[in-house]
Amino acid sequence: MINIRLLFTFILFLASLGLQGRNVFVIPVETEIDLNAYHHFRQAMKDASEKNADLLLIKLNTYGGALDAADSIRTALMRCDKPTVAFVDVNAASAGALIALACDSVFMAPGASMGSATVVNGQGEPMPQKYQSYMSTIMRATAEHHGRKAQGDSLVWRRSPEIAADMVNPEISVSFTAQQAVESGFADGIATNINEVLEELNLPDATVEYYHSTFSDDILGFLSGAGVRAILVMLILGGIYMEMHTPGLGFAAAVAAIATVLYFLPMFIVGSMPGWVLLIFIAGVILIFLELFVVPGFGITGISGIICIAAALVGSMMSSDSITGFDFTALTRSLGVLFAGTLLAAGMIIYLTSSHGPKCFRRHAELMTELSVGDGFVGVDMSPARYIGQHAMTVTDMRPAGKIEIGQNVFDAVSTGDFIAAKRSVRILRYENAQLYVTEDKI
């Protein structure tokens, strides 16, 4: 069956082709696709909506990147209520091909290429089959999203789901030149630049605006990166743990507070953080304060507070917003960030409280005071304890204290039973309070 939503969008798109002087908003995607890129893309779509853009043009030149970020961009494009056009300026490889495939129309520059969506690891080697299968399913579903078109007496796919899936096959890894993409139905035309794309769309007089990131966007994008968030989670959880083992509020609490502000700042500014996340986080903070100042020891209050804070950290990255809606991919991403941050926090705590850590942190985990003889402290000689269980000879009568001889050494000792006369054999029972305790040998 024909996708009704797609048909409606396509009708709007065709209607826009006959209108001149429309507003076109260009969103460049020309870096590695990661959470930073997704943050910029989401901000760009927000700007386009505020400026009432009639058409979004995605300018692509990327070798790909993280699947979760690319999938979020793909979802945003497929849910967009405006016509979307991809212009592959140079490359749209891997995750870039997925983004191009999500647009309503695709144009490619001469010499540009698109495809090869095989999932690889950091060394460029193909990932296990389950990853390839998942990416293949996403590519197939994206192609199917564009529905079918009439060809003769039958309906055929506008973009072949089989070919889209083969882009992920490591043994085939389908890629297209501009001409091949047009012949295969994966591109609607060839254009040298954006002006030629607009001419192909019958919009030569359209007003063109470009998305330009601001310095604050760059900072927020940096803070949105998975690696940065994992480090912030490490500082939040590690700071809370250290503070719960330190009297009063100090440096660890300040670090945790600053890391918390930086963690939630991007979501707070873009307005994507739901109220329940904030409420759970506040509840967690209150429980932590109760643990620190009201409830003695570390128990259910502190554990509940940490659980609430962890749930808020995860929930903040799973927010439902007007651009992408709820995305289950975000669950995996947020849990991965939390897990990585927790491991980093555990490593940080182990290091700071170990013998190799700074003394300013170790003094809260171990006794750092040295009791020196010069300060009047006297140590107890424990060497006589090695004679426990051995036999000795009394030098004096023991009433009950006296002296015993062990080899050539004479020690003070105390009888644990009756008085013992001199020159009697005794057995050493124990060594306590710098004193040997003996009992008379029975013959």
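Proximity of I99 to L60: side-chain heavy atoms (C-beta onward) are separated by under 4.5 Å at one or more points. By the 4.5 Å heavy-atom criterion applied to side chains, I288 and I309 are counted as neighbours. Between I190 and Q179 there is a side-chain heavy-atom pair separated by less than 4.5 Å. Between T62 and N91 there is no side-chain heavy-atom pair separated by less than 4.5 Å. Residues R159 and V106 form a side-chain contact, since some pair of their non-hydrogen atoms from C-beta on lies under 4.5 Å apart. Put simply, the side chain of R148 does not reach to within 4.5 Å of the side chain of R158, judged on heavy atoms. Two residues are said to be in side-chain contact when any heavy atoms from C-beta on lie closer than 4.5 Å; V182 and D188 fail this criterion. Looking only at side-chain heavy atoms (C-beta outward), K59 and V26 come within less than 4.5 Å of each other.
We find the CD-CG distance between E30 and N61 to be 5.5 Å, quoted to the nearest 0.5 Å. We find the CD1-OG distance between I286 and S304 to be 13.0 Å, quoted to the nearest 0.5 Å. For the atom pair CD1 (I58) and OG (S105), the distance works out to 12.0 Å, reported to the nearest 0.5 Å. The distance from atom CG of L201 to atom CD of E196, rounded to the nearest 0.5 Å, is 12.0 Å. Atoms CE and CD, on M139 and E162 in that order, are 12.5 Å from each other to the nearest 0.5 Å. Note that OG1 of T301 and CD1 of I306 are 11.0 Å apart. Values are rounded to the nearest 0.5 Å.
The backbone N or O of Q132 lies less than 3.5 Å from no partner atom in the side chain of S136, so there is not a single donor-acceptor pair. Side chain of T260 to main chain of A256: a donor-acceptor pair is present (N/O by atom type, distance under 3.5 Å, no hydrogens or angles). No donor-acceptor distance shorter than 3.5 angstrom exists from the side chain of Q435 to the backbone of E432, with no hydrogens or angles considered.
Under the rule for a side-chain contact (heavy atoms from CB on, under 4.5 Å), A283 has no partner lying at least two apart in sequence or in another chain. Evaluation of the side-chain hydrogen bond (donor to acceptor under 3.5 Å, both in side chains) rule for T142 yields R74 as partners, not counting sequence neighbours. Here S175 pairs with nothing under the side-chain hydrogen bond (donor to acceptor under 3.5 Å, both in side chains) rule; sequence neighbours left out.
Aromatic rings of F87 and F107 (six-membered ring for Trp) have centroids beyond the 6.0 Å cut-off, not under it. A distance below 6.0 Å separates the ring centres of F281 and F264.
A side-chain donor-acceptor contact under 3.5 Å links Q43 and D47. If you check the side chains of N23 and T207, you find no donor sitting under 3.5 Å from an acceptor.
R430 forms a cation-pi arrangement with Y437, by the criterion of a distance under 6.0 Å to the ring centre and an angle within 45° of the ring axis.
Between F25 and Y211, the two ring planes are tilted [angle within 30° to 60°].
When the shell of 6.0 Å around CZ of F222 is examined, it contains 12 or fewer heavy atoms from other residues, nucleotides or ligands.
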Task: Stepwise side-chain contact (heavy atoms from CB on, under 4.5 Å) check, I388 with L429 - done: CA-CA 6 Å; I388 295 175; L429 298 177; over 6 Å; no

TODO: Start with the C-alpha distance between L57 and V197, add both sets of side-chain angles, then the distance that settles side-chain contact (heavy atoms from CB on, under 4.5 Å), and finish with yes or no.
DONE: CA-CA 9 Å; L57 194 151; V197 172; 3.9 Å; yes

